[in-house]
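What follows is a set of notes on a single structure, which appears directly below.
Quick note on labels: first sequence line is chain A, next is B, and so on, each numbered from 1. Because the structure is predicted, anything quoted here is derived from the model rather than measured.
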Amino acid sequence: MEFSEHIKTANVEDVVLRRPFHPPMQGTLCVTGHHLLFSNRDGDSSRLVLLLLRNIDAIEKRPSVSSGTITLKCKDLCVLQLDIPGMEECLNIARSIEYLSSLDIVSDMYPFFYRPLKLSLQDQWGLSSPEQNYAQMEELQDRWRLSHVNKDYSVCPSYPPAVIVPHSIDDETLVKVAKFRQGGRFPVLCYYHRKNGMVIMRSSQPLTGANRKRCREDELLLQAVIDGSGLGYIIDTRSNQQAQQARMTGGGFESKSSYSCWKRLHRQLERGKVLQESLIKLVEACGDHSHSVDRWLSKLENSKWLSHVHTALATAGLLAECVERDGHSVLVHGSEGTDATLLVSSLAQLILDPNTRTLDGFLGLLEREWLLAGHPFQHRCAHSAYSHARLRLEAPVFVLLLDCVWQLARQFPLAMGFSEPLLLRLAREVYASDYGTFLCNSDQERCAAGVKERTHCLFQFLLKPSEREHYSNPLYEPTELAIWPSIQPQSLQLWRGLFLRWTQHAVHLEKAQEELRNLVIECRGAS
Amino acid sequence: MDHVEQVRLLERFSNKSTSGTLHLTATHLIFVESNNTATTILHHHIASVEKLSLTTSGCPLVIQCRNFRVVHFVVQRERDCHDIYSSLLRLLRPVSYDELYAFSYNPKQNEQQREEGWQLIDLGAEFERMGVPCDRWQLTDVNRDYKICETYPRDLYVPITASKPIIVGSSKFRSKGRFPVLTYFYQEKKAAVCRCSQPLSGFSARCLEDESMLQAISKANHNSRFVYVMDTRPKLNAMANRAAGKGYENEDNYSNIRFQFVGIENIHVMRTSLQKLLEVVGSRFLSVNDYLLGLESCGWLRHVKAVVDAAIFLTKAVTVEGASVLVHCSDGWDRTAQVCSLGALLMDPYYRTIKGFMVLIEKDWISFGHKFADRCDQLDGDPKEVSPVFTQFLECVWQLTEQFPQAFEFSEWLLLQIHEHVHSCQYGNFLANNQRRREELQLGDRTHSLWAFLLREQQNYLNPAYCPTYADTHPVLEPSTLPCHFKFWRNMYHQFDRSMHPRQSVLKNVLTLKESNCQLEDTIKDLETVSTCIKSNFICHIQMNLWKELKTAVHKCSPSNLTELELDTERTVEGSSGTERKESYSDLQGTYGAKAEPAVVSLEFGVARMTC
């Protein structure tokens, strides 16, 4: 498509840009297909500000007779303001931004045009494949196999081509199980606990419906999972009541009578609209500059964001405890099994598995448990907290994950190989990125759109030596032990680095962190 | 009775318990677990002891401490429990100063060291550092014998033009004789921060000497034509005081003042507020929402912000406008002390160092007569006089250290340690209500100084992010007053609830790293000195190898291994040993079969198993 059709005014002179931490700047504004470019020539020095249009969440314009003001609220929570001389120019630019910032054809998006010199499209895309993951885990290979039943995505469109299932379950059975699970998401292995051989499985809800349909193959598969150990847990990320209600719409849960060796535990995790609204309220509270402590606390409470953090960590703790302390395998699911399910299973892995706490390991976890496991990024991250657009499928599940990981890292500052800047970077990239990693909703869509051939991979980039250092935790001391977080409300904190990123306060903190970092590196370097 | 066996200590936020033996000494309560770890509680720290009704497992005894430790014992036999209870009741209400621990505390120190400890801080030198006396401010001897004001120190600084009759007249017109005196001098603009108590103005009374006194303060500053008078009370409170013959300055009578109410609540409101806060965060199965609602409704953070806001106002008036400010509340020893000292901390980088911070407390709190004995309940006294004013000040400082992580030489450990000892009565510094009483008690001869103790182990209180040059670029701190920057101080109010803390501490780790690095550098230096001395190449060669080996050796034993060992001390705030969480989640077995308690993972899980 031709972007220029939507750019009536490409250049405006004498625009004033106001943004956090900088004095107002006068210069030239330029609109391109994917960016806003602002340049200012002050004597010899010229400065350039580049803003990805995709990053813009909401635009507010206040035109007046001879000029206009555009306020840009970004998905990274930054708020900018442009004072544009000329009403017509102002309106034209606003219109271009409105249109170009909400493109929804994947192949039009910037990652398909981003061609930096230092990267090549021939570089490896992604960190690892299901095959490689399987090959690395020798211990599990006598009881678990890699199935290619989904190689053309026909059994489950949101699963990767290869998944790990019990050895005794053949592909034919899997196809039947898939028909009994929403979206075809049959139970697959996502974590193998080396210490005791217990596993974490995930799936979507079973389609038992109002008349309590059963599926022998499904029961067989789950039986095969706990073969020998006798008992397993199902963590349902919905309340008991929600699970009951789901039957009315064809969904359901594993009943005691059909799955006698499985004990169901219900933990209600919010998702979808509720979560999105929570984020919106939280961001609104953080942007409220009134001076009343009471008002702030009541808004913070009202957003419920920290409650969601709490529930997610508590459920992940429960899951990890079932596996490590109680020595039982666990199946996690909610309804679709693409949101809360992934949140809980990946947090539990961080708690249990030291390999997921390195920089490489963490990105690998995200690749396995979010990208390949089919978290619908494009739907969930179409808009962030400022957007006035009607909410559709948006939900900040991934941001919630990052927040929970940040809480973990705060409680175990030496246990994580990666740093807060990595989490902040991911929180930004997931909404607007130069890289193709978070495009589309599933592996299938990514392949179909040619994402892996025609865009660059964020994770590969973050692991380059130049970046790696910045995103590593200099205090990192690997530990084999599980890291059990405290989930007392007093132990949880608002993630200031993300939600108060654009206040002056954040600058002080960042500088201090940088200083500490250098100090540690210096100390370590000396010895 | 000196010890009771088979006592169980219940963990506060889980169902876990440990059993051991409870010992009672003249000064301490000591609980020794079967694995020989001991929990020691100083009697002076105990705020209340409560005997709960008998249960099947024994007789519960709940002890609340002033350092926010709460311990819950279960004693098997009721008679033993009653014995402990009544002994504690007797022990924790000392009626005379002589009974306080400071008079019997005897660290291994000789008399000379003890005396030196008391000489560490010299307030005369501190005023000199500020540039006082000078051509506008003088040292007055009117209070040499505590005759004018017995709650002030002997040495006071007043404007050069304030004659003795003016001082005497003014002091008669001020509550408790606390007339306006200098507490901080901002040299750059020659602006002064003065403090006093409320005037005895009633509805219409005036006092010419007091008016001259304020005139004199104004004249001592050429930058500004007026003096700000900050009444730190809410307007309503100040007006109510007029009915009792007290009140506030009438702008019509004082030709050159700008009067301002600040609205910090009184000691009773603060006491109730903190009590409510502790109730909220002390409840065992607290949800996030109830926690946040509780934080809001107790009002504590609102009060903390009010104090910081007042300090910011003071700082701006002095540093930006160059005006002098007179601060008072009712008696001028609570809110006034908070605002003056916090303001000075914002204005002067010196007070953000360890030594400077001690000087600040010595000056604005100890010497100017903050009633530590009454406020901290050192002797059995009027419970209405008890109030966490100083705790609140420490918290304000903490909030600032959180906003400016590079500006302070000390970490929160120093604040916690000072707080600990304000209540411990182990050192003489904070005993009694004012300097005069302290002299009568001969504290300088009979007790030890906390400052000496803290300075000796100051490496424990260093803030690794501190940047000494920060003061050059930020001589005056300008904190944000946005409410989202005021946080709950977990390490103060849950200092002893270890399950709640981060399992690992960046601070400790970095400090250890830094220290081991210094040692390493010293070793290298030593070796380099040696090797330059030795001419022979051959020996040098050996030396170099040795040096390399040493380097690796130091490296090997450095950072985290050391930290983990160090962390496991009783007073450690942040974290337990490494990442292993023996306490909370292993409750699993203990709580197996307990009732549904939805806030805690491990407990929930207990339910799961039971109904399985």
Any non-hydrogen side-chain atom of A:Lys511 less than 4.5 Å from a side-chain atom of B:Gln406? yes
Partner residues of A:Ser491 under the side chain to side chain donor-acceptor pair (under 3.5 Å) criterion, sequence neighbours left out: A:Ser486
Any donor-acceptor pair under 3.5 Å linking the side chain of A:Gln490 with the backbone of B:Val281? yes
For a side-chain contact (heavy atoms from CB on, under 4.5 Å) check, start with the C-alpha distance between B:His485 and A:Thr503, then their side-chain angles and the critical distance, and finish with the verdict. CA-CA 10 Å; B:His485 295 136; A:Thr503 59; 3.8 Å; yes
Expected contact set for residues 295-305 of chain B against chain A at heavy-atom separation under 4.5 Å reads B:Leu295, B:Glu296, B:Leu301, B:Arg302, B:Lys305
Over all atoms of both residues, closest heavy-atom pair of A:Leu516 and B:Pro464: CD2-CB, 3.9 Å
Most contact-rich option vs chain B, by heavy-atom pairs under 4.5 angstrom, among A:Asn302, A:Leu492, A:Leu306, is A:Leu306
If you round to the nearest 0.5 Å, how far is CZ of B:Phe488 from CG of A:Leu297? 12.0 Å
Below 4.5 Å, heavy-atom pairs only: which of A:Glu515, A:His508, A:Arg264 has the largest tally toward chain B? A:His508
Counting only N and O atoms by type, is there a donor-acceptor contact under 3.5 Å from the side chain of A:Arg295 to the main-chain atoms of B:Pro483? no
Go through the atoms of A:Leu519 and report whether side chain, backbone, both or neither lie under 4.5 Å from a heavy atom of chain B. side chain
If I take atom OG from residue A:Ser307 and atom CG from residue B:Leu292, how far apart are they, to the nearest 0.5 angstrom? 7.0 Å
Hey, which of B:Leu293, B:Asp290, B:Asp309, B:Val288 has the most heavy atom pairs under 4.5 Å with chain A? B:Val288
Residue B:Thr481 versus chain A: region with a heavy atom under 4.5 Å: both
The interface call for A:Leu475 against chain B, heavy-atom contacts under 4.5 Å, is side chain
What is the minimum heavy-atom distance between B:Lys487 and A:Gln493, and which atoms define it? NZ-OE1, 4.5 Å
Residue B:Tyr470 versus chain A: region with a heavy atom under 4.5 Å: side chain
Just verifying a value: how many Å separate A:Leu494 CG and B:Cys484 SG, rounded to the nearest 0.5 Å? 8.0 Å
In Å, rounded to the nearest 0.5 Å, how long is the span from CZ of B:Arg12 to CD of A:Gln488? 9.5 Å
For A:Gln349, check side chain to side chain donor-acceptor pair (under 3.5 Å) against everything at least two apart and list the hits. A:Arg368, A:Glu369
Around atom CD of B:Glu478, are there more than 12 heavy atoms from other residues, nucleotides or ligands closer than 6.0 Å? no
With A:Thr311, which residues qualify under side chain to side chain contact (heavy atoms under 4.5 Å, CB included), at least two apart? A:Leu269, A:Thr315
If you count heavy atoms of other groups shown closer than 6.0 angstrom to CD of A:Gln241, is the number above 12? no
Could you check which of A:His289, A:Arg410, A:Lys304, A:Glu301 has the highest count of heavy-atom pairs closer than 4.5 Å to chain B? A:Glu301
